[in-house]
**Q** 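Below: one structure in structure tokens.
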There are 2 protein chains.
Amino acid sequence: MRPGPRRSLTHAEILDAAFGLLEAKGFEAVSVRGVAGVLGLTPTAMYTYYPNKGALLAGMVEQVLGRLDTRGADAAAAASSNAGDAAGPGASAARARTRIVTLAEGLRSILVERPGAVGLLLATPLDGPNARRLDERLLGAFTDAGLDPVQAGRATHAVRVHVLGAVAFDAAEVERAAGAPVPADIEAAPAASATLWDDAETFPLGDRSRELADDPAARFAWGLERLLDGLLAHPASARS
Amino acid sequence: MRPGPRRSLTHAEILDAAFGLLEAKGFEAVSVRGVAGVLGLTPTAMYTYYPNKGALLAGMVEQVLGRLDTRGADAAAAASSNAGDAAGPGASAARARTRIVTLAEGLRSILVERPGAVGLLLATPLDGPNARRLDERLLGAFTDAGLDPVQAGRATHAVRVHVLGAVAFDAAEVERAAGAPVPADIEAAPAASATLWDDAETFPLGDRSRELADDPAARFAWGLERLLDGLLAHPASARS
DNA sequence: ACCTGAACACCGTTCAAGT
DNA sequence: ACCTGAACACCGTTCAAGT
């Protein structure tokens with residue numbers, strides 16, 4: 001069978017195969033050749049659908065962020081049914097904060113659900129339509145909360161950084177727990193000239209608080225709330 | 001010349017070659033074979049020094065974080081010479097905040113200086129001696145500022161996430177500006193069921209604030225200060 | 001201990017050719 | 001337009017062998 005039965009796959013089918021690979025064998029296993037193999041295609045046939053591997057990954061990112069939409073709508077429905085029509089001063093700011101938390105938690109849960117998806121987000125520029133829509137929502141919420149455009153832009157960036165960074169760290173910790181121990185490799189570390197830090201002595205705190213290590217979800221939620229405390233502290237342009 | 005002149009390289013020489021590759025051609029170019037090539041070795045000879053590629057990368061991470069030590073000491077000296085012996089209430093908390101900012105800004109500047117180094121940090125578990133020492137310092141500073149051990153651990157994590165996440169995003173933006181345009185790829189994005197978000201309309205804010213996009217250093221500093229505002233807002237155990 | 005050379009099982013991508 | 005097959009220039013890693 002030389003030219004093949006001309007199956008004419010849809011992008012959705014190709015992305016499904018790619019996500020199957022991602023879930024089964026991790027981000028590293030998502031290769032042009034691998035996806036082609038799952039689909040029964042020759043690697044070169046993939047270049048009919050995507051001009052390069054980056055475009056494939058961008059397509060996957062868009063699909064992941066697309067799930068945030070449909071799910072976020074449900075969460076917003078539940079939240080708004082509780083809120084009623086309260087109209088105290090700062091009520092719209094409070095609703096804006098809830099919206100931000102909903103978006104951030106939603107994005108996190110989607111990324112946690114699909115192990116390997118973080119690698120995707122970090123490896124691909126987040127400038128597709130769904131990524132932009134997420135940005136617009138955060139931007140709108142921060143504006144509603146009283147931030148000026150520049151502050152809202154920076155705050156949006158900070159939230160994006162916090163969500164992706166936190167999930168990336170959690171994923172790395174999972175890998176470390178499951179994976180191989182890290183080699184000693186003594187020579188690599190130049191001895192610190194620790195003289196001026198001596199007010200800090202040598203801390204035995206690290207091991208203790210690392211053993212108390214709470215679950216990633218709680219840690220994330222706490223950090224997000226603290227970040228929002230800081231971002232939303234000064235309602236108007238009282239800051240430079 | 002079969003067995004070669006038995007040069008017996010040091011780890012430092014190997015890491016230098018690896019960093020040369022990193023700076024010249026980016027993180028992707030840091031390969032076992034590539035480093036071996038620069039050193040005039042056969043790829044397999046590398047496995048005499050490092051058991052695998054991960055160990056090589058871990059060695060590089062440790063060297064990067066080691067630079068933070070020597071540099072942080074200088075910065076601390078300059079800062080403390082200005083501070084004098086002020087003893088008002090909250091003075092130690094203020095000094096702790098300064099220490100945190102110094103560490104975070106120092107780590108960021110080191111990562112920004114070495115393009116490609118972020119990829120390194122994100123690809124490698126941060127559990128070497130220098131990484132732990134950085135953790136201990138942040139932990140100690142947050143404890144000095146009045147946080148209990150669990151809060152200090154979470155706060156340390158939040159700062160780490162913020163620094164690495166922000167630098168990773170900046171790096172991605174630089175790549176995007178220099179690299180190829182992203183293909184349209186329409187079919188991948190499932191249309192959002194946008195019904196419930198309609199109070200936000202469609203925001204034209206995005207493009208405006210993206211054009212005003214301030215420089216990454218200012219954006220980072222602002223976000224870090226806001227995060228610390230939130231993390232250090234309540235001095236004692238007034239929080240759950 | 002340090003190194004070579006051959007080999008295995010992979011990558012992304014291009015090109016000429018077929019239907 | 002969609003696909004194959006051969007090819008190019010790469011990966012990380014293992015193994016047997018040399019000094």
Side-chain angles (χ1 to χ4, degrees), chain A residues 1-15 17-18 21-22 24-60 116 119-120 123-124 175 179-180 182-187, chain B residues 1-15 17-18 21-22 24-60 116 119-120 123-124 175 179-180 182-187:
Chain A
M1 53 165 100
R2 288 286 187 66
R6 189 179 267 283
R7 257 171 305 172
S8 228
L9 301 165
T10 67
H11 285 221
E13 287 172 297
I14 294 173
L15 291 177
L21 232 31
L22 184 73
K25 305 202 255 172
F27 176 62
E28 306 269 280
V30 179
S31 63
V32 174
R33 293 177 110 106
V35 174
V38 169
L39 294 167
L41 288 179
T42 268
T44 48
M46 292 287 297
Y47 289 81
T48 307
Y49 298 96
Y50 297 96
N52 49 50
K53 186 184 180 178
L56 212 205
L57 297 183
M60 295 177 76
L120 214 58
T124 314
E175 274 172 36
V182 174
D185 201 44
I186 297 149
E187 206 180 340
Chain B
M1 49 163 105
R2 287 286 188 67
R6 188 177 270 281
R7 257 172 305 175
S8 230
L9 302 165
T10 67
H11 284 221
E13 288 173 296
I14 295 174
L15 291 177
L21 232 31
L22 185 74
K25 304 202 256 171
F27 177 63
E28 305 268 283
V30 180
S31 65
V32 174
R33 295 177 110 108
V35 174
V38 170
L39 294 167
L41 289 179
T42 269
T44 51
M46 292 288 296
Y47 290 82
T48 307
Y49 298 96
Y50 297 95
N52 49 52
K53 186 184 181 180
L56 212 205
L57 297 183
M60 296 177 75
L120 214 58
T124 315
E175 273 173 36
V182 175
D185 200 44
I186 298 149
E187 206 180 339

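What you are looking at is a predicted structure, and each value in this text was computed from that prediction instead of being measured. FYI, side chains are in, hydrogens and waters are out, and symmetry mates aren't considered; it's all heavy atoms of this structure. Chain A is the first sequence line, chain B the second, and so forth, proteins listed ahead of strands; every chain is numbered from 1.
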**Q** Rounded to the nearest angstrom, tell me the gap between atom NZ in B:K25 and atom P in D:dA9.
**A**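 Atom NZ in B:K25 sits about 14 Å away from atom P in D:dA9.
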
**Q** Write down the partner of D:dG12 under the Watson-Crick or G-U wobble criteria, each distance required to be under 3.5 Å.
**A**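 Check on D:dG12: paired to C:dC8, both distances under 3.5 Å.
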
**Q** Indicate, with a heavy-atom threshold strictly under 4.0 Å, whether B:T44 touches base, sugar-phosphate, or nothing.
**A**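 B:T44: base contact, heavy atoms under 4.0 Å.
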
**Q** How about A:M60 and A:V30: do any of their side-chain heavy atoms sit closer than 4.5 Å?
**A**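 In short, these two side chains touch, coming nearer than 4.5 Å.
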
**Q** Take atom CG of B:N52 and atom P of D:dC11, then tell me their distance rounded to the nearest Å.
**A**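 Going from CG in B:N52 over to P in D:dC11 covers 17 Å.
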
**Q** What's the gap between C:dC10 and D:dA9 when it is taken at their P atoms, as a whole Å value?
**A**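 Nearest-Å result for C:dC10 against D:dA9 at atom P: 22 Å.
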
**Q** Output the rounded distance in Å from OH (B:Y49) to C1' (C:dC3).
**A**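 These atoms are roughly 9 Å apart.
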
**Q** Can you check the B:R33 CZ to C:dA7 P distance for me, whole Å?
**A**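 One finds 14 Å between P of C:dA7 and CZ of B:R33, rounded.
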
**Q** Please state whether the phosphate of D:dC2, meaning OP1 or OP2, lies under 4.0 angstrom from any side-chain nitrogen or oxygen of A:S8.
**A**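 It does, given that an N or O in the side chain of A:S8 lies less than 4.0 Å from OP1 or OP2 of D:dC2.
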
**Q** Checking base pairs now: Watson-Crick or wobble, both atom distances under 3.5 Å. What partners D:dT19?
**A**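 Pairing partner, where one exists within any strand: C:dA1.
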
**Q** Let me know the distance between CD of A:E13 and P of D:dC3, rounded to the nearest Å.
**A**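 Atom CD in A:E13 sits about 10 Å away from atom P in D:dC3.
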
**Q** Does B:G34 offer a backbone N or O that forms a donor-acceptor pair with the side chain of B:S31 under 3.5 Å?
**A**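 Yes, because the side chain of B:S31 sits within donor-acceptor range (under 3.5 Å) of the backbone of B:G34.
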
**Q** Can you identify which nucleotide, out of D:dT13, D:dC3, C:dT13, has its nearest atom closest to the A:P43 side chain?
**A**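 Among the listed nucleotides, the one closest to the side chain of A:P43 is C:dT13.
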
**Q** Just so I know, are the side chains of B:L15 and B:L56 near enough to count as touching, which here means a heavy-atom distance under 4.5 Å?
**A**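 They are in contact (side-chain heavy atoms under 4.5 Å apart), so the answer is yes.
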
**Q** Base, sugar-phosphate, or nothing for B:T48, non-hydrogen atoms under 4.0 angstrom?
**A**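 Since a base atom lies under 4.0 Å of B:T48, the category is base.
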
**Q** Can you find a heavy atom in the side chain of A:L41 that is under 4.5 Å from one in the side chain of A:L9?
**A**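 Of all side-chain heavy-atom pairs linking A:L9 with A:L41, at least one is under 4.5 Å.
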
**Q** Within this structure, what is the CG-to-P distance between A:L41 and D:dC3, rounded to whole angstrom?
**A**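 For the pair A:L41 CG and D:dC3 P, the rounded distance is 6 Å.
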
**Q** Rounded to whole Å, how long is the line connecting atom OH of A:Y47 with atom P of D:dC2?
**A**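 Atom-to-atom, A:Y47 to D:dC2, this comes out as 17 Å.
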
**Q** Round to a whole Å and report the spacing from CG of A:L9 to P of D:dC2.
**A**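 Between P of D:dC2 and CG of A:L9: 9 Å.
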
**Q** Using the rule side-chain contact (heavy atoms from CB on, under 4.5 Å), only one of A:V32, A:L39, A:V38 pairs with A:V35; which is it?
**A**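 Checked A:V32, A:L39, A:V38 against A:V35; only one passes side-chain contact (heavy atoms from CB on, under 4.5 Å): A:L39.
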
